[in-house]
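To keep things clear, I will list the structure first and then write my remarks on it.
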Amino acid sequence: MINITLPDGSVRNYEKGISSMDIALSISEGLARNVLAAKVNGEIWDSNRAIQQDSKVQLLTWNDPEGKSTFWHSSAHLLAEAIESLFPDAKFGIGPAIENGFYYDIDFMGKDFSQENFDAVEKKMLELAKQKNEYKRSEVSKADAISYFTKKGDPYKLELIEGLQDGQITFYQQGNFVDLCRGSHIPNTGFIKAAKILNVAGAYWRGNEKNKMLTRIYAITFPKDKELKDYLTLLEEAKKRDHRRLGKELELFTFSEKVGMGLPLWLPKGAILRERLESFMRQAQVKRGYQQVITPHIGSKELYVTSGHYAKYGADSFQPIRTPDVDEEFLLKPMNCPHHCEIYKFKPRSYKELPLRLAEFGTVYRYEQSGELHGLTRVRGFTQDDAHIFCRPEQVKEEFSRVIDLVLYTFGALGFDDYVAQISLRHQTEREKYIGSEETWERAEQDIIEATAEKNLKTVIAYGEAAFYGPKLDFMIKDALGRKWQLGTIQVDYQLPERFKLEYIGADNQKHQPVMIHRAPFGSLERFVAVLIEHCAGNFPLWLSPEQIAVLPISEKYHDYAEKLFGILQENDIKGFVDQRDEKIGRKIRDAEMKKVPFMLVVGEKEQETNSISVRKKGEGDLGSMEISAFVAYFKDLLKKELN
RNA sequence: GCCAAUAUAGCUCAGUGGCAGAGCACUUCCUUGGUAAGGAAGAGGUCAUGAGUUCAAUCCUCAUUAUUGGCUCCA
């Protein structure tokens, strides 16, 4: 007999070799019907796998993230089975579960696979699912594994097997389909009741662009048809929050083929929004001891040769601008830091001046790959809320920690609570991508790890994500469709001060080298606005709304009163417009609601007589009438509350 | 940059190898109204660009450009 400990702490006694499915059955039949797999001592196991010793067991159902991912992983096998029966020549790469669904990388050997095939594959999947084929696990020797896939002619699987250790190779079979797979899987295909292929995309084999590009099929499955319908509705809703769509609808920004791809044009309303964010940040920074500076959009090529950016990115950047003078070349600035280094060098610095915090809303230009451009989140010209802190080595941790506070303050003010702080370190093996000594890297990494620990920040560590000159702390946030974007970033840098020969005179009257911290709480205004739009679905907080009020006269007779009212509001720095169209009030209200204007001020005979307005709040309805001065006071009070 | 798809009115999208369509938006007129769409008329397009096939191309073919979904990259 063995002891099985369940998640609630209870211990049950079973015969040696019992499966988690049998454990479920012993608890309740209903539970057993929903068990997809089990977590045995922290490992995910098939529910029919025999347990040989005392273990901690957690039964996994659709409601557990691990249950879902097992379900989707098994679905990937089902997809592959369906594809194989429809495209016998197809060769298979890998097919993992992802956050929402799964994908399978497939080489169709020159055959087309597109939208038109989706239906057939989905149908085939459900047909195979109905057969309730068991997912059968078998341990195979490396030699047998190689011989099987050699016979089958699947080069990708063979390549994968090459990297595996003999004795640790398992196959899974459902129906006629056998796949190399570590597992684990759901009991049988019958659990899969709904399937939808979402899209296809190219993906390099093993993520290496030197390899062949396979067709990646993204799909999702559910144990109930209704859940698929709900998911598709959810996707539709998410699309409505897409900043590219709302940016157009709310007239915030646009792009023009003639101006150039990836070069955003801010429309008047978008510009208001952006300027408000800039002034918010400027104020926050001035309070924290930053000083604004301004530098030009171009810089001599020499500047970037010195900084090391030219060697690293020069070939893949906008190429140098030439002048009539020979050998004179300028670069569109891809970074503000070299300029700021030169500001630092303007005069000899004393340790008493440090930390010196130089801030600039600097517009930079980077030649992003054409396929990478995406709305406002990935562009070729953008403005960073950049600053560089020059400090003494012993001040790094304290300064870093202050910047974390600023980022958290910023996110808090805008209601961003669903972010991940990512500590971006060097790649663990490929060290040649980075400049600088081992010692300074270790010091910088240590400073970041300690500062984040002291802030109790929830962090993840990402190797290989560091900048080439130093480690970073990146604040990642998801857009409406679940894609992750980096917003704020804080980076410790020992290299640039060295390259620019920055120094300060210490208390010991000796020369010392300062450390730089690069930081941008928003990251880029463009990307930040994009994420902000999706975050609030275009329903901006009052202080950011490009149009805060709409004055809606009941009829033409009240246009004068409406204009007078609007004048008073403008004097009080309240932005908006008067809707003088020849439309009924219901129509004007509807249109203002669609434009997401926070307050609608209805004025007619009654209001004109009493020098008042009838206030309607977006999404809430009529608030009743108010005197003009009372509304202004109410409005200002709301603004104050929003900004604490 | 790579793979694939898409490109028709300001927007959202139908459509066809033989005179180019709808809804919304826009203009004008009627209407002067009380909290989410009043009515009528009108204007608006070299069907992304350039070649080719054809008696005839918005439609078929090829190339280019841009966009979309991924991959790779991301100072």
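Letters go in sequence order (proteins before strands), and every chain restarts at 1.
In this structure, A/Tyr218 does not count as stacked on the base of B/G70 under the 5.5 Å centre distance and 30° plane angle limits.
The aromatic ring centres of A/Tyr344 and A/His388 sit 6.0 Å or more apart. Under the 6.0 Å cut-off for aromatic ring centres, A/Tyr469 and A/Tyr434 do not qualify, their centroids lying 6.0 Å or more apart. You'll find the ring centres of A/Trp485 and A/His374 inside the 6.0 Å limit. Ring to ring, A/Phe390 and A/His340 are not that close: their centroids are 6.0 angstrom or more apart.
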Distances under 3.5 Å between nitrogen or oxygen atoms of protein and nucleotides 2-5 of chain B:
unit_1 : atom_1 : unit_2   : atom_2 : d
B/C2   : O4'    : A/Tyr204 : OH     : 3.3
B/C3   : O2     : A/Gly202 : N      : 3.1

Nucleotides 6-12 of chain B: which of its N/O atoms have a protein N/O under 3.5 Å away?
unit_1 : atom_1 : unit_2   : atom_2 : d
B/U12  : OP1    : A/Lys248 : NZ     : 3.2

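Rounded to the nearest 0.5 angstrom, A/Phe599 CZ and A/Lys618 NZ are separated by 9.5 Å.
Tested against A/Gln384 for a side chain to side chain donor-acceptor pair (under 3.5 Å), the candidates A/Thr489, A/Thr363, A/Asn336 yield a single pass: A/Asn336.
The pair A/Arg380-A/Glu526 does not meet the salt-bridge criterion, since no charged nitrogen lies less than 4.0 angstrom from a carboxylate oxygen.
Side-chain nitrogen and oxygen atoms of A/His559 include none within less than 4.0 Å of the OP1 or OP2 phosphate oxygen of B/U32.
Picking from B/U32, B/U35, B/A66 the nucleotide with the shortest atom distance to the side chain of A/Glu257 gives B/A66. The side chain of A/Arg483 lies closest to B/G70 when the candidates are B/A75, B/G70, B/A66. Among the nucleotides B/G70, B/A75, B/U68, the one closest to any side-chain atom of A/Arg244 is B/U68. Nearest to the side-chain atoms of A/Met261 among the listed nucleotides B/A75, B/G1, B/A66 stands B/A66. When distances run from any side-chain atom of A/Arg616 to the nucleotides B/C74, B/G69, B/U35, the shortest one goes to B/U35. The A/Glu593 side chain lies nearest to B/A36 when the options are B/A75, B/G34, B/A36.
For the C1' atoms, the distance from B/C11 to B/G52 is 34 Å, rounded to whole Å. Rounded to a whole angstrom, the distance from the C1' atom of B/U49 to that of B/A57 is 15 Å.
Straight-line distance from the CG atom of A/Asp316 to the P atom of B/C74: 10 Å, rounded to whole Å.
Figure legend: cation-pi geometry between A/Lys91 and A/Phe108 absent, as NZ or CZ is not positioned both under 6.0 Å from the six-membered ring centre and within 45° of its axis.
Residue-level contact check: A/His374 touches the backbone only, with heavy atoms under 4.0 Å from sugar-phosphate atoms and none from bases.
By the rule that a glycosidic angle within 90° of 0 means syn, B/C30 does not qualify and counts as anti.
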